[in-house]
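So that the names make sense, note that chain A is the first sequence line, chain B the second, and so on, each numbered from 1.
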Amino acid sequence: MRRIVTLLTDFGTRDHYVATLKAVLLTINPALNLVDITHDIAPQNIQEGGFVLASSFQFFPAGTLHLAVVDPGVGGERQGLAAATERHIFVGPDNGIFDRAFALDPPRLVVSLQSREYQLSQPSATFHGRDIFAPATAHLSLGLPLERLGPSIRYRMIRPGRVVFSDQGEVHGEIIHIDRFGNLISNIEIPFARGREGLQDLQVHLPTLQVFTGPSTYEEAPPSRPFALIGSTGHLEVAVRNGSAHELTGHGVGSSVVVRRRR
Amino acid sequence: MRRIVTLLTDFGTRDHYVATLKAVLLTINPALNLVDITHDIAPQNIQEGGFVLASSFQFFPAGTLHLAVVDPGVGGERQGLAAATERHIFVGPDNGIFDRAFALDPPRLVVSLQSREYQLSQPSATFHGRDIFAPATAHLSLGLPLERLGPSIRYRMIRPGRVVFSDQGEVHGEIIHIDRFGNLISNIEIPFARGREGLQDLQVHLPTLQVFTGPSTYEEAPPSRPFALIGSTGHLEVAVRNGSAHELTGHGVGSSVVVRRRR
Amino acid sequence: MRRIVTLLTDFGTRDHYVATLKAVLLTINPALNLVDITHDIAPQNIQEGGFVLASSFQFFPAGTLHLAVVDPGVGGERQGLAAATERHIFVGPDNGIFDRAFALDPPRLVVSLQSREYQLSQPSATFHGRDIFAPATAHLSLGLPLERLGPSIRYRMIRPGRVVFSDQGEVHGEIIHIDRFGNLISNIEIPFARGREGLQDLQVHLPTLQVFTGPSTYEEAPPSRPFALIGSTGHLEVAVRNGSAHELTGHGVGSSVVVRRRR
């Protein structure tokens with residue numbers, strides 16, 4: 001079977017960078033099935049890259065390899081890593097981009113990509129995606145054991161993780177992503193409110209605004225009024241029916257969000 | 001042979017939404033050949049999605065499946081559908097997005113996607129693309145009969161269809177799409193003027209402007225002067241050589257267009 | 001093995017144009033592996049298309065076909081061509097888009113695409129990508145000899161080529177591409193300075209500005225100060241750490257660049 005490699009980068013789609021990654025992957029393993037997650041992560045925004053990866057990787061079948069390159073420290077001291085969890089393999093810089101994914105699916109083995117044998121000859125200082133990460137991914141897809149790529153390391157979480165609201169307390173989180181529709185997606189998860197159940201007994205606050213919590217679908221919401229719902233990833237988000245919550249509220253990545261139970 | 005699934009959505013390419021669709025498709029049928037039509041339909045613009053789908057689907061080989069998700073009514077009362085025409089299969093919301101395609105290629109069977117058996121467990125209220133449409137598409141690609149997905153329904157056209165100018169009369173149409181080059185594409189088709197034949201004996205009017213009708217290629221047009229031609233889909237469009245008709249004329253989606261024979 | 005076809009166009013990703021190309025390719029050869037280089041070349045910017053193609057094609061495996069369509073002269077007098085080099089095949093308009101690629105990898109045979117037999121019936125005047133170039137590419141991928149597509153022609157370079165700085169002289173070049181990160185990429189190559197070696201003994205000038213030449217990686221550069229480095233394609237570029245050199249300097253495509261040895 002053709003193994004799947006997903007690609008997530010901040011390279012954009014105007015340049016040759018993504019094609020070059022794919023060329024290196026297909027030169028080593030022509031049978032790969034390459035699937036773009038996105039190349040439109042805001043330049044050097046590790047947190048956003050980590051969120052989008054964590055939101056999608058678990059839907060891919062067992063054995064999928066995930067190549068993620070948002071890498072402002074390229075050429076500096078950060079290491080490159082490859083990691084295996086129970087069902088997936090991850091390759092990219094050790095800068096926190098995998099924190100959210102590993103919180104959902106903990107790695108069993110993580111190695112530092114130090115073996116020159118599986119890199120392009122003469123790696124550049126500015127494009128480890130092409131010279132180190134893509135070759136490592138392609139060789140792993142052919143069955144190379146992880147240990148051959150370098151020494152085992154202990155993974156340390158670098159970025160703040162998930163925030164879970166589970167009972168009568170109050171939690172503080174923040175907006176971590178604005179999606180294409182202008183929805184403000186927070187790092188707060190509210191497991192008991194998934195699916196069709198609403199948030200009616202909760203209060204949701206943005207800095208200058210208490211957000212309406214009635215509807216559980218976009219269709220049920222009144223126009224032009226920001227409302228909170230549990231989005232398709234299980235995260236609390238603020239949306240506006242047929243509009244952009246980002247534009248209407250002026251809030252964006254980094255804005256604080258507070259959730260508490262209504263008295 | 002690997003079956004082709006095309007994807008057309010308004011999800012954009014910044015988020016995890018498209019990747020998640022593809023992950024669900026490939027989990028059910030790993031042999032699929034996924035081809036993006038576009039994910040940049042203006043958010044919730046069903047008319048534009050229908051136009052782009054209708055402009056491209058007929059070039060795909062027989063047996064191709066087309067998954068189209070522009071779905072402002074998700075979670076509300078609109079149904080999901082799967083439809084088979086003589087050569088193609090379509091899956092998506094029953095909101096008019098397939099009207100133009102079905103005008104060109106009428107469906108033989110349309111079903112409402114009510115069978116829970118072929119949905120992800122616990123479908124969300126906000127992402128039927130992932131939970132209902134992608135699984136239906138993937139199961140159909142494996143040979144599942146359409147009837148297994150739900151009861152047969154009668155398809156009703158919802159959106160205005162094509163406008164054809166065929167003789168000495170006058171027709172009124174409108175701009176339905178602005179392409180990347182700023183060309184204004186109308187819903188008016190002029191079959192006898194396809195290919196190299198010009199529109200010299202016709203008058204073409206935008207609201208404030210009679211449009212020049214001499215040239216049949218971009219090369220032949222004078223600079224900076226909007227001209228009408230029959231584009232590669234057979235639709236009347238207004239273009240500017242090496243420029244944007246959208247910017248130069250100020251007209252866009254919804255602007256009226258009138259065509260009449262010169263006396 | 002599935003043969004790879006790369007696609008590079010200025011069609012954007014909002015319209016049906018790219019999907020239609022792919023549909024035509026897959027109808028003729030369903031086993032193709034299609035890889036997008038980019039569809040976001042600035043409309044009708046042949047020079048930019050040529051740069052992005054030349055920066056990526058050599059990483060693809062032998063036998064890859066490259067379909068490039070940036071074609072402001074479509075329907076006019078420019079010819080279509082197919083060309084074979086030692087390892088690659090190229091198909092597109094004969095307007096200079098292949099100049100940079102052919103400077104790196106000279107063609108052994110170039111033909112003019114005049115045979116009607118391998119075109120869609122009734123080619124349009126505005127979309128040779130769909131009607132002529134895609135069918136030619138797909139037939140070549142199935143093993144059709146190049147000569148069957150039309151008569152052999154002599155390739156003439158149309159656009160200025162590479163500029164190489166190799167010793168103590170002074171060279172004048174220009175900015176040919178702004179990448180996603182705002183890096184200003186020039187047509188000047190400095191072979192001896194590739195990899196980790198710096199440019200410390202050189203002076204690099206933009207029109208209003210002497211550019212700092214200390215660092216060899218983004219990490220080593222001071223913030224907010226434009227610096228020159230040799231990018232991953234071997235071209236001299238001007239960058240700003242965690243910022244956009246394009247925005248900070250106000251320079252873009254066409255700006256002149258001078259390199260000379262420090263005394």
Side-chain angles (χ1 to χ4, degrees), chain A residues 1-4 6-8 10 12-13 33-42 45 48-49 51-64 66 177-183 185 194-198 215-221 229-234 237 239 241-244, chain B residues 2 5 7 9-36 38-46 69-78 93 95 119-135 138:
Chain A
M1 193 167 78
R2 295 182 306 149
R3 288 191 77 173
I4 298 169
T6 75
L7 297 100
L8 178 144
D10 64 349
T13 53
N33 188 5
L34 305 178
V35 178
D36 298 308
I37 294 181
T38 182
H39 302 290
D40 295 334
I41 299 299
N45 190 330
E48 185 176 50
F51 168 75
V52 175
L53 178 64
S55 299
S56 53
F57 82 94
Q58 289 189 302
F59 290 94
F60 284 92
T64 298
H66 303 280
H177 181 61
I178 304 168
D179 79 5
R180 196 214 184 184
F181 303 94
N183 299 323
I185 298 172
R194 292 200 73 158
R196 304 265 334 162
E197 289 166 58
S216 64
T217 71
Y218 302 121
E219 276 264 308
E220 294 168 24
L229 83 167
I230 304 299
S232 56
T233 57
E237 63 183 66
R241 178 178 175 186
N242 295 341
S244 164
Chain B
R2 296 181 306 150
V5 170
L7 295 100
T9 75
D10 65 348
F11 295 170
T13 52
R14 295 170 43 193
D15 301 298
H16 58 277
Y17 305 128
V18 172
T20 302
L21 281 194
K22 293 182 178 178
V24 171
L25 288 161
L26 291 169
T27 297
I28 298 172
N29 184 356
L32 286 177
N33 188 4
L34 305 178
V35 178
D36 298 308
T38 182
H39 301 290
D40 294 334
I41 298 299
Q44 307 166 345
N45 189 330
I46 295 165
V69 190
V70 179
D71 197 11
V74 63
E77 294 192 1
R78 69 103 191 90
N95 60 13
Q119 301 177 0
L120 295 202
S121 58
Q122 293 192 289
S124 72
T126 56
F127 197 0
H128 286 187
R130 177 189 70 190
D131 300 336
I132 297 177
F133 301 138

Which answer fits [X], side chain, backbone, both or neither, if we ask what part of it has an atom under 4.5 Å from a heavy atom of chain A?
{"X": "B:Val18", "value": "neither"}
{"X": "B:Asp40", "value": "both"}
{"X": "B:Leu32", "value": "backbone"}
{"X": "B:Asp10", "value": "both"}

Pick one of side chain, backbone, both or neither for A:Ile4, based on which atoms fall under 4.5 Å of a heavy atom in chain B.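 Side chain only.
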
Contact part of A:Asn33 toward chain B, heavy-atom cut-off under 4.5 Å: side chain, backbone, both or neither? side chain

Which distance, rounded to the nearest 0.5 Å, do you find between the [atom1] of [X] and the [atom2] of [Y]?
{"X": "A:Thr6", "Y": "B:His16", "atom1": "OG1", "atom2": "NE2", "answer": "13.5 Å"}
{"X": "A:Phe60", "Y": "B:Leu25", "atom1": "CZ", "atom2": "CG", "answer": "10.0 Å"}
{"X": "A:Phe59", "Y": "B:Thr27", "atom1": "CZ", "atom2": "OG1", "answer": "9.5 Å"}

Pick one: which of A:Ile41, A:Ile178, A:Asp179 meets side-chain contact (heavy atoms from CB on, under 4.5 Å) with B:Arg14? A:Ile178

Between A:Ser55 and B:Thr20, which heavy-atom pair has the shortest distance, and what is it? O-OG1, 4.1 Å

Just wondering, do A:His177 and B:Asp15 contact through their side chains at under 4.5 Å, heavy atoms?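 Result yes, sub-4.5 Å side-chain heavy-atom pair found.
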
What residue in A:Thr38, A:Leu229, A:Leu8, A:Val52 has the most heavy-atom pairs under 4.5 Å with chain B? A:Thr38

Evaluate the ring planes of A:Phe181 and B:Tyr17, with Trp represented by its six-membered ring, and classify them as parallel (under 30°), tilted (30 to 60°) or perpendicular (over 60°). tilted

Out of B:Ala23, B:Pro43, B:Gly12, return the one with the most heavy atom pairs under 4.5 angstrom to chain A.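 So the answer, after comparing B:Ala23, B:Pro43, B:Gly12, is B:Ala23.
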
Quick one: does any side-chain atom of B:Thr13 pair with a main-chain N or O of A:His39 as donor and acceptor, under 3.5 Å? no

